[in-house]
Amino acid sequence: MSDGKTIKGRTGDWEMVLGLEVHAQVASKSKLFSGAAVGFGAGPNEQVSLVDAAMPGMLPVLNRYCVEQAVRTGLGLKAQINLKSRFDRKNYFYPDLPQGYQISQFDQPIVGEGEVLVERADGSSFTVRIERLHLEQDAGKSIHDLDPNATYVDLNRSGTALMEIVSRPDMRTAEEAAAYVKKLRAILVTLGTCDGDMEKGNLRADVNVSVCRPGDYERFRESGDFKHLGTRCEIKNVNSYRFIQQAIEYEARRQIEILEDGGKIDQETRLFDPTKMETRSMRSKEDAHDYRYFPDPDLLLLVLDAAWVKEIEAGLPELPDAKKARLQSQYGLSAYDAGVLTGDAALSAYFEAAAVGRNAKLVANWTTNELAAKLSADGLEFDASPIPPSDIAALVELIEKETISSKIAKQVFELMWAGEGAPAAIVEKHGLVQVTDTGAIEAVVEKLIAANPGQAEAVKAKPQAIGWFVGQVMKEMAGKANPAAVNAILKAKLGVE
């Protein structure tokens with residue numbers, strides 16, 4: 001890549017055009033059209049009703065709560081809520097799709113056009129337009145590794161409610177696509193409509209990739225006629241930010257090489273192999289007519305009451321964009337720090353609990369750096385942190401009062417993580433109180449200057465070299481000396497500004 005968007009090829013520059021279809025499992029205790037339980041970790045086929053198994057004569061009954069969750073999500077995406085929508089049958093054969101069709105929504109989805117504001121790593125932002133959100137049921141799962149001669153089918157997932165969120169092709173780099181999914185996940189988790197667990201497949205993305213020459217995207221975007229940009233390929237079920245980026249980078253390069261060799265891109269569905277870091281063909285890509293959509297005769301038209309939608313809207317929580325603005329205003333945080341905090345609902349809640357009455361910038365640093373690293377290494381979320389917010393607040397208070405230095409604070413934090421208790425008790429137990437006695441610091445400084453006259457002269461000629469003395473003083477005093485006092489005394493004794 002030569003810049004953010006351009007890919008260098010043998011025959012010139014190329015750009016990628018990306019659109020995503022994100023499948024988010026609805027946070028619900030039961031399935032979309034049956035009362036069967038939804039949950040991770042159950043034994044094979046333990047959460048299957050007769051409806052899910054498509055037994056003869058079984059009729060679907062729509063789950064009102066799943067509809068409410070879809071409406072809530074649409075409102076969070078600033079999207080149009082369609083008061084009339086319809087369920088359709090999408091016909092195709094999978095061994096783990098008992099009905100031989102999927103109940104989905106085709107031309108009348110529950111949610112229409114919306115938008116998501118996404119932040120890039122450099123702090124700039126861009127808007128991704130949402131084309132639609134529709135409800136549909138998930139298929140079961142085929143298991144191929146239990147028997148070399150047979151495929152097993154687990155229908156626990158069959159009938160689970162999914163929201164498919166379809167974007168416009170508004171992303172131009174792999175990083176933008178990953179940032180979009182991250183922002184979308186933050187919105188869904190904040191709304192409580194999906195738990196966002198990508199590892200369990202509760203949030204996964206189908207990534208549509210095509211390539212074009214520079215300038216083509218802007219020209220066709222104005223007209224909305226993207227079909228002339230180039231044939232796209234869809235990479236199915238990618239379930240991590242890193243894999244999304246890797247899959248896109250590989251697929252774009254693959255398409256460019258084919259086109260530069262005089263070939264053409266086949267419209268197809270592909271899978272990403274994270275081990276080989278490549279995509280491979282799964283099947284030719286179907287168009288809508290291949291699925292033979294028709295209205296599901298067992299389900300009535302879905303009609304929503306406008307007052308009910310307003311009631312849901314009134315109960316929405318503070319969304320990430322609003323929270324980011326508030327954190328900047330209320331706590332004086334930078335846009336970057338506020339963005340990091342709002343990317344995770346549990347993290348921002350932890351921060352706010354710890355920041356009461358304390359230096360918010362220091363609390364943000366300790367929360368998003370040291371604590372976040374420890375939790376990540378142990379596979380823990382912030383709401384399961386063994387260190388409560390009150391202890392981070394107490395640690396920051398010790399730094400603010402200059403009871404301990406930032407360096408000593410790291411030692412204290414390690415002992416807090418090891419379970420030794422509250423910060424103040426640890427500092428007292430291990431004798432870690434910062435030395436602020438200028439007389440004691442002066443004595444050490446004078447001793448070091450006397451022992452290192454050559455280094456002292458070097459500092460007078462080059463004041464930046466004072467850092468050597470600072471390090472020696474801190475070493476002599478076991479890291480307990482007040483850094484500001486050390487610097488002030490050294491400059492006075494060495495006669496430098």
Side-chain angles (χ1 to χ4, degrees), residues 16-27 70 73-74 76-77 79 102 104 109 111 114-121 126-139 141 157 160-191 193-210 226 232-252 254-255 267-274 277-283 285-286 320 343-344:
M16 61 178 81
V17 180
L18 310 168
L20 274 71
E21 298 164 14
V22 174
H23 292 84
Q25 181 173 312
V26 176
T73 302
L77 299 175
Q102 178 188 38
S104 183
V111 176
E115 63 179 29
V116 176
L117 183 67
V118 184
E119 297 77 25
R120 299 184 182 92
F126 63 101
T127 298
V128 176
R129 295 169 297 162
I130 301 300
E131 180 179 307
R132 57 186 280 147
L133 177 156
H134 61 261
L135 280 168
E136 63 184 21
Q137 58 180 176
D138 206 350
K141 182 180 181 182
R157 206 168 63 188
T160 298
L162 298 179
M163 295 178 290
E164 181 171 340
I165 304 167
V166 182
S167 82
R168 296 285 186 182
D170 289 344
M171 289 149 279
R172 311 299 313 286
T173 68
E175 292 76 15
E176 285 185 356
Y180 163 70
V181 176
K182 187 174 185 179
K183 181 61 174 288
L184 194 60
R185 179 186 181 276
I187 293 171
L188 296 175
V189 172
T190 299
L191 290 167
T193 57
C194 174
D195 67 11
D197 194 329
M198 299 180 78
E199 189 174 342
K200 294 176 182 174
N202 294 353
L203 185 74
R204 54 193 191 267
D206 297 345
V207 186
N208 291 287
V209 182
S210 65
F226 288 104
R232 62 185 171 89
C233 291
E234 180 183 51
I235 308 166
K236 292 288 287 185
N237 293 332
V238 192
N239 68 342
S240 83
Y241 307 130
R242 181 163 55 92
F243 291 165
I244 286 170
Q245 294 190 60
Q246 291 170 345
I248 289 170
E249 294 284 3
Y250 175 86
E251 179 60 22
R254 183 190 74 87
Q255 292 185 22
Q267 183 172 321
E268 61 181 351
T269 299
R270 301 179 68 83
L271 292 175
F272 177 63
D273 185 334
M277 299 274 288
E278 64 183 26
T279 65
R280 64 174 186 271
S281 183
M282 179 182 177
R283 62 175 183 268
K285 175 65 178 173
E286 297 91 345
D344 184 318

### Task
For salt bridge (Lys or Arg N to Asp or Glu O under 4.0 Å), just list the numbers for R204 and D138, CA-CA rounded to whole Å, side-chain angles, deciding distance to a tenth of an Å, and then say yes or no.
CA-CA 12 Å; R204 54 193 191 267; D138 206 350; 3.2 Å; yes
### Message
Strictly distance-based, threshold 3.5 Å: is any side-chain N or O of R270 a donor or acceptor partner for the main-chain N or O of T279?
### Response
yes
### Query
Quick check: are there more than 12 heavy atoms from other residues, nucleotides or ligands sitting under 6.0 Å from NZ of K236?
yes
### Query
Just by modelled atom types, is the M282 backbone N or O under 3.5 Å from a matching donor or acceptor in the T269 side chain?
no
### Query
Are R168 and E131 close enough for a salt bridge, meaning some N to O gap below 4.0 Å?
yes
### Query
Are any side-chain N or O atoms of K183 and backbone N or O atoms of V116, one a donor and one an acceptor, separated by less than 3.5 Å?
no
### Message
Donor-acceptor pair, distance only, cut-off 3.5 Å: does the side chain of N239 make one with the backbone of M198?
### Response
yes
### Query
Are S281 and E268 close enough that a side-chain donor and a side-chain acceptor fall under 3.5 Å?
yes
### Query
Do side-chain atoms of R172 reach the backbone of M16 as a donor and acceptor pair under 3.5 angstrom?
yes
#### Entry: For the student: nearest non-hydrogen atoms of A27 and C194, plus distance
CB-N, 3.9 Å
### Task
Rounded to the nearest 0.5 Å, what's the gap from CD1 on I248 to CZ on F243? Could you check?
13.5 Å
### Task
For E176, check salt bridge (charged side-chain N to carboxylate O under 4.0 Å, His left out) against everything at least two apart and list the hits.
R120
### Query
Between the side chains of Q245 and E249, does any donor sit under 3.5 Å from an acceptor?
no
### Task
Kindly give the heavy-atom pair with the smallest separation between P109 and L133, and that separation in Å.
CB-O, 3.7 Å
## Note on the structure
Taken in chain and number order and not counting sequence neighbours, the residues that satisfy side chain to side chain contact (heavy atoms under 4.5 Å, CB included) with E136 are H23, Q102, S104, H134, L162, E164
### Message
Looking at every heavy atom in both L18 and A177, which two are closest together, and how far apart are they?
### Response
CD1-CB, 4.2 Å
### Message
Whether the side chain of E251 engages the backbone of N208 through a donor-acceptor N/O pair (distance < 3.5 Å, no angle test) should be reported.
### Response
no
### Query
With a 4.5 Å heavy-atom cut-off, do I165 and L184 have their side chains touching?
yes
### Task
Say whether, by atom type as modelled, one donor and one acceptor occur between the side chain of D206 and the main chain of N237 under 3.5 angstrom.
yes
